[in-house]
Every structure is written in structure tokens, then in C-alpha cells.
Number of protein chains: 2
Amino acid sequence: MAVSDQEVRERMDAFMQMCRRSGLRATHQRREVFREVARTEEHPDVETIYRRVRKRVPTVSLDTVYRTLSLLEEKGLLCRLEPFSGRARFDANTDSHHHFICTRCGRVRDFASEQLDDLSVPRELRSWGDVRSVHVQVRGICAKCRG
Amino acid sequence: MAVSDQEVRERMDAFMQMCRRSGLRATHQRREVFREVARTEEHPDVETIYRRVRKRVPTVSLDTVYRTLSLLEEKGLLCRLEPFSGRARFDANTDSHHHFICTRCGRVRDFASEQLDDLSVPRELRSWGDVRSVHVQVRGICAKCRG
DNA sequence: TTTCTTGCAAATTCTTTGCAGATTA
DNA sequence: TAATCTGCAAAGAATTTGCAAGAAA
């Protein structure tokens, strides 16, 4: 679950570089927010990150954590697990199918594929738990947005 | 984008059957909420469903739409596009990777797979837009939850 | 200094809940 | 009738924003 020291160092370097390139300030708060996400593979939520950062930066505020995470996402240093989930969206198609998602407008289009349905996933997964289903998410820019 | 009349009819039948089996009432409101999701492939959000249902059931309230959608999801008649997105979660791994998600506890575990990275998606997708990346989401019950 | 950043507090947005009256089987 | 549903209004959770004070180049 923990990321190697080596890897964390590389990620921190990438962060410092990004700041220099973008003319942003690598403040104490920003460094510690990024470090908390960079050092783990457990994909913490905002509240968790906030709680952990506060141990080292007791005065940090929750909205700074939010602002920093948005910034880091925008700069490509991290991404959110479900990027298009501002509001709940529903699907009455209960057959197995997959999704093409336009990363610009958020539109989602279904597609079916027998080939993708019986995709074989790495053997190691079996020791992690019972696999119930496999969903493929294809991301890109839709024809409408491409213009 | 529109679902065939035949398919819509079948979905409505499944809904009526579910109500009977579960001892739930197939009220006007519930029927129209389900119909709105069942008749389209565009995956509408709650507000959109509400707006459309109101055309036929002007007195329906937003919270009834919410309650009905939860109920329908629970009964397996529909599902939400991003089921695990109560709060935002972050990932500092910018290399291509995939996710195993436990549908019980929500824990997410990364895995890499060259084979999955160059998955070939159906040809038809190319006409929908530029494909940028492919993410595989494996859902199941993790070893810890299985007990 | 001068621009960028932070913390506070309040606002927004999305979703859920308690309750009394209306509705359905 | 008897249990279930609905609409209303208010509460709750997650996230965003305006602003004045504070920190970094």
C-alpha cells in the first residue's frame, strides 16, 4: 500500500519542477498536501488528506486542501478516481456493456463488445478477491467537441 | 440515443414484475421516473429526470425522484454510472494503470497490465471521437470483505 | 514590494430525512 | 382498511468562493 521512498522522491521532484515551470509557489501547505497523496496507494479522500496534513501543518484549512488538490489535478500531477461524478447519472441498460466518455463535455455513450466482456484480468487479482464484473472505460474527445 | 419501443416495453414489464414480487406499489410517479431513464441512452442526471417527469406528472417532487431512483437501483433495475463517488478520491500514480474495486467496502487497488493497456476497442468508436486512454475497472468483493 | 496564497466564513450544490396527509392494493 | 408513498420543508454532506490578512519571490 505504501509507495517506495524512491518513487515518492521522484514525485516530489516532479511537483517542484511543475511549480517552477508554472510560476507557482511551492508552499509548505502545498508540499504536504501533495506528499500525502504521493506516499500512498490507497487513494485517500479530501477529509483523510486534510486530517493527515494537519499533523504536520496544524493550521492548514480544509479549503486550502481542496484548492491544492484542484490545482494539482489541473497540472496533471494527480487525478481523481472518478473524474465525471459531479452529479449522479443513471443507466437502465442492465446488460453488460462499456462506456466511451468524452473528457471535455462529459457525454457518455454505451457500447457492447463480446471481446471485452470476457477479458482476462491478471492472475494476481484472484488473490485479492472475487471478481464479479469487468467494465471498460474508454476516454477521449467526442466528435462534437473536436469540432 | 433513443431506446426502441420494444425494449422500453420490456423494461417497463420488468419494472412491474419487480413491484409485484417485492410488494411495492407501481405508482404513477415511480412508473414515470423509471420510464424516463428506460427510454434513453443518454444517462440523464437527477435534475434532468425530474424536469422530464414533471411534464407528465406536474406535482412530482424532486425528493420522490431521488427516492425512486435509489429504490430502482437497489432492486437492480438501473445502476448509476459512477457508483463509488460519494466523495472525491485522489491518485498520484500518473502511469497507465487499472483498478480493482471492492463493491462492498469501496477500497480500490491499482494494478498494471501491459495486455490491458493496449486493448483494442471496437472499430466503431473511432467515428465517435479520438480515443485517448482505456481504463479497466474490475469489480468484486475483496478478500477482507469476503471474510 | 508586489504578487500569490491562505484561512475564515459564508454560500452553493447535491442528496437525504422526518413527518403528516394522500394513495394504492 | 392497512400499509405504503408522497410532498413539503428542513437538514446534511461535499465542495466552492469572496475577501482581507499573511507569506513567498
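Proteins get letters first, then strands, A, B, ... in listed order; numbering begins at 1 in each.
In this structure, the CG atom of B:L62 is 14 Å from the P atom of C:dT17, given to the nearest Å. At whole-Å resolution of the value, CG in B:D45 and P in C:dC14 are 8 Å apart. Between the CG atom of B:L71 and the P atom of C:dT16 there is a distance of 13 Å, rounded to whole Å. Computed from coordinates, the A:K75 NZ to C:dC4 P distance equals 12 Å when rounded to whole Å. To the nearest angstrom, P of C:dC14 lies 13 Å from CZ of A:R89. With rounding to whole Å, B:Y50 atom OH is found 14 Å from C:dT15 atom P. Straight-line distance from the OH atom of A:Y66 to the C1' atom of C:dT13: 12 Å, rounded to whole Å.
For the pair B:R30 and B:G86, both in contact range of DNA chain D, the more 5′-proximal nearest nucleotide belongs to B:R30. Heavy-atom nearest nucleotides on DNA chain D were determined for B:R87 and for B:T59, and the one closer to the 5' end corresponds to B:T59.
The line from CG of A:L24 to OG1 of A:T68 is 10.5 Å long, rounded to the nearest 0.5 Å. Atom CD of B:Q115 is separated from atom NE2 of B:H98 by 10.0 Å, given to the nearest 0.5 angstrom.
In this structure, A:D5 places its CG atom where only 12 or fewer heavy-atom neighbours from other residues, nucleotides or ligands lie under 6.0 Å away. Atom CZ of A:R107 has 12 or fewer neighbouring heavy atoms from other residues, nucleotides or ligands inside a 6.0 Å radius.
Side-chain atoms of A:V136 and A:V138, non-hydrogen and from C-beta on, do get closer than 4.5 Å to each other.
Contact record, B:H43 with A:R89: O-NE, 3.1 Å, taken as the closest heavy-atom pair. Nearest heavy-atom pair across A:L77 and A:M18 is CD1-CE, 3.3 Å. A:E124 approaches B:A112 most closely through the heavy-atom pair OE2-O, 4.4 Å.
From the 5' end on, the contacts that DNA chain D makes with chain A at under 4.0 Å to a non-hydrogen atom open and close at D:dA14 to D:dA24.
Using modelled atom types, one finds no donor on one side chain facing an acceptor on the other under 3.5 Å when comparing A:Q29 with A:R31.
Fit an axis to the five pairs at each end of the helix from C:dT1-D:dA25 to C:dA25-D:dT1 and the two axes sit 40° apart, to the nearest 10 degrees.
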For B:R9 and B:Q6, what are the C-alpha separation, side-chain angles and deciding distance, and is it a side chain to side chain donor-acceptor pair (under 3.5 Å)?
CA-CA 5 Å; B:R9 238 175 290 123; B:Q6 168 69 14; 3.3 Å; yes
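Just one residue in the list B:V46, B:D45, B:L81 forms a side chain to side chain contact (heavy atoms under 4.5 Å, CB included) with A:F90, and that residue is B:V46.
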How would nucleotides 18-25 of chain C be written as a contact map, 5' to 3', with B for base contact, S for sugar-phosphate-only contact and - for no contact, using protein heavy atoms under 4.0 Å?
B----BBS
